[in-house]
Amino acid sequence: MTPDQLAALHAQCFTTPRPWTASEFAGLLESKGTFLLNNDAGFALARHIAGEAELLTLAIDPAHRRQGHASQLVDELLSHLTQSNVSELFLEVS
(Lines give C-alpha, C1' and ligand atoms only; values in the text may rest on other atoms or scores of the structure.)
Protein backbone atom coordinates (compact mmCIF):
# COMPACT_ATOMS: atom_id res chain seq x y z
CA MET A 1 0.00 0.00 0.00
CA THR A 2 1.21 3.50 -0.76
CA PRO A 3 1.22 6.29 1.81
CA ASP A 4 -1.75 7.83 -0.01
CA GLN A 5 -3.71 4.56 0.22
CA LEU A 6 -2.81 4.19 3.90
CA ALA A 7 -3.96 7.73 4.64
CA ALA A 8 -7.23 7.27 2.74
CA LEU A 9 -8.10 4.08 4.63
CA HIS A 10 -6.99 5.59 7.95
CA ALA A 11 -9.37 8.53 7.29
CA GLN A 12 -12.25 6.07 6.79
CA CYS A 13 -11.47 4.41 10.12
CA PHE A 14 -10.54 7.26 12.47
CA THR A 15 -11.78 10.72 13.25
CA THR A 16 -10.47 11.16 16.81
CA PRO A 17 -7.65 11.69 17.07
CA ARG A 18 -7.35 12.97 13.54
CA PRO A 19 -6.40 10.54 10.77
CA TRP A 20 -2.76 10.42 9.76
CA THR A 21 -1.63 12.06 6.53
CA ALA A 22 0.17 10.45 3.61
CA SER A 23 3.23 12.45 4.57
CA GLU A 24 3.14 11.05 8.11
CA PHE A 25 2.80 7.51 6.78
CA ALA A 26 5.69 8.06 4.37
CA GLY A 27 7.89 9.29 7.22
CA LEU A 28 7.00 6.35 9.42
CA LEU A 29 7.64 3.83 6.65
CA GLU A 30 11.12 5.29 6.19
CA SER A 31 11.90 5.01 9.92
CA LYS A 32 14.23 2.26 11.09
CA GLY A 33 12.38 -0.77 12.44
CA THR A 34 8.99 0.25 11.06
CA PHE A 35 7.11 -2.30 8.99
CA LEU A 36 3.74 -2.63 7.32
CA LEU A 37 1.52 -5.69 7.11
CA ASN A 38 -1.56 -5.54 4.91
CA ASN A 39 -4.31 -7.66 3.44
CA ASP A 40 -7.28 -6.98 1.15
CA ALA A 41 -9.21 -5.22 3.91
CA GLY A 42 -6.66 -3.21 5.86
CA PHE A 43 -3.25 -2.84 7.41
CA ALA A 44 -1.19 -2.90 10.58
CA LEU A 45 1.77 -0.59 11.05
CA ALA A 46 4.30 -1.38 13.74
CA ARG A 47 7.91 -0.80 14.69
CA HIS A 48 10.44 -2.69 16.75
CA ILE A 49 13.81 -2.01 18.28
CA ALA A 50 15.89 -3.61 21.03
CA GLY A 51 13.48 -6.46 21.76
CA GLU A 52 10.40 -4.26 22.09
CA ALA A 53 7.69 -3.41 19.60
CA GLU A 54 4.77 -1.04 19.31
CA LEU A 55 1.64 -1.47 17.23
CA LEU A 56 1.29 2.04 15.84
CA THR A 57 -2.06 1.63 14.14
CA LEU A 58 -4.41 -1.00 12.78
CA ALA A 59 -7.07 -0.07 10.25
CA ILE A 60 -9.71 -2.26 8.61
CA ASP A 61 -12.07 -0.97 5.92
CA PRO A 62 -15.45 -0.50 7.64
CA ALA A 63 -17.14 -2.59 4.93
CA HIS A 64 -14.88 -5.56 5.79
CA ARG A 65 -14.99 -5.53 9.58
CA ARG A 66 -15.97 -8.53 11.70
CA GLN A 67 -14.59 -10.95 9.12
CA GLY A 68 -11.30 -11.83 10.81
CA HIS A 69 -9.03 -9.47 8.87
CA ALA A 70 -7.70 -7.72 11.97
CA SER A 71 -7.06 -11.05 13.69
CA GLN A 72 -5.12 -12.22 10.65
CA LEU A 73 -2.96 -9.09 10.72
CA VAL A 74 -2.30 -9.40 14.46
CA ASP A 75 -1.33 -13.05 14.00
CA GLU A 76 1.09 -12.04 11.22
CA LEU A 77 2.46 -9.27 13.43
CA LEU A 78 3.10 -11.66 16.32
CA SER A 79 4.78 -14.15 14.00
CA HIS A 80 7.03 -11.45 12.54
CA LEU A 81 7.97 -10.19 15.99
CA THR A 82 8.69 -13.70 17.27
CA GLN A 83 11.03 -14.28 14.34
CA SER A 84 12.70 -10.95 15.17
CA ASN A 85 13.25 -12.00 18.82
CA VAL A 86 10.89 -9.33 20.14
CA SER A 87 9.65 -10.17 23.63
CA GLU A 88 7.33 -7.23 24.40
CA LEU A 89 4.60 -5.57 22.35
CA PHE A 90 2.95 -2.30 23.33
CA LEU A 91 -0.30 -0.76 22.20
CA GLU A 92 -1.52 2.68 23.19
CA VAL A 93 -5.17 3.44 22.53
CA SER A 94 -7.18 6.62 22.71
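Worth saying up front: this structure is predicted, and the values here are computed from it rather than measured. Excluded from the calculations below are hydrogen atoms, water molecules and symmetry mates; all remaining heavy atoms, backbone and side chain alike, are included.
When hydrophobic clusters are built by joining Ile, Leu, Val, Met, Phe, Trp and Tyr residues whose side-chain heavy atoms come closer than 4.5 Å, directly or via intermediates, Val93 is not grouped with Leu28. In the hydrophobic cluster analysis, where Ile, Leu, Val, Met, Phe, Trp and Tyr join through side-chain heavy atoms closer than 4.5 angstrom, Leu89 is grouped together with Leu73.
In this structure, Thr34 contributes its side chain and Glu30 its backbone to no donor-acceptor pair below 3.5 Å.
For the atom pair CG of Leu9 and CH2 of Trp20, the computed distance is 12.5 Å after rounding to the nearest 0.5 Å. Summarising the geometry, atom CG belonging to Asn38 is positioned 7.5 Å from atom CG belonging to Leu6; distances are rounded to the nearest 0.5 Å. Atom CD of Gln12 is separated from atom CD1 of Ile60 by 11.5 Å, given to the nearest 0.5 angstrom.
Between Asn39 and His69, the closest heavy-atom pair is ND2-O, 3.3 Å. When all heavy atoms of Phe14 and Ala59 are compared, the pair lying nearest together is CE1-CB, 4.1 Å.
Within the structure, every pair that satisfies the salt bridge (Lys or Arg N to Asp or Glu O under 4.0 Å) test and touches residues 6-24, not counting sequence neighbours, is listed here: Arg18-Glu24. Pairs of residues two or more places apart, or lying in two chains, never qualify as salt bridge (Lys or Arg N to Asp or Glu O under 4.0 Å) while including a residue from residues 58-68.
For Ser79, the side chain to side chain contact (heavy atoms under 4.5 Å, CB included) test picks out Gln83, with sequence neighbours left out. Ala26 pairs by the side chain to side chain contact (heavy atoms under 4.5 Å, CB included) definition with Pro3, not counting sequence neighbours. Contacts of Thr2 classified as side chain to side chain contact (heavy atoms under 4.5 Å, CB included), with partners at least two apart in sequence or in another chain: Asp4, Gln5.
A tilted orientation is assigned to the rings of His80 and Phe35, their planes being inclined by 30° to 60°.
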Name the atoms and distances for all side-chain donor-acceptor pairs under 3.5 Å in residues 40-58, with sequence neighbours left out.
| unit_1 | atom_1 | unit_2 | atom_2 | d |
| --- | --- | --- | --- | --- |
| Arg47 | NH2 | Glu54 | OE1 | 3.3 |
| Thr57 | OG1 | His10 | NE2 | 3.1 |

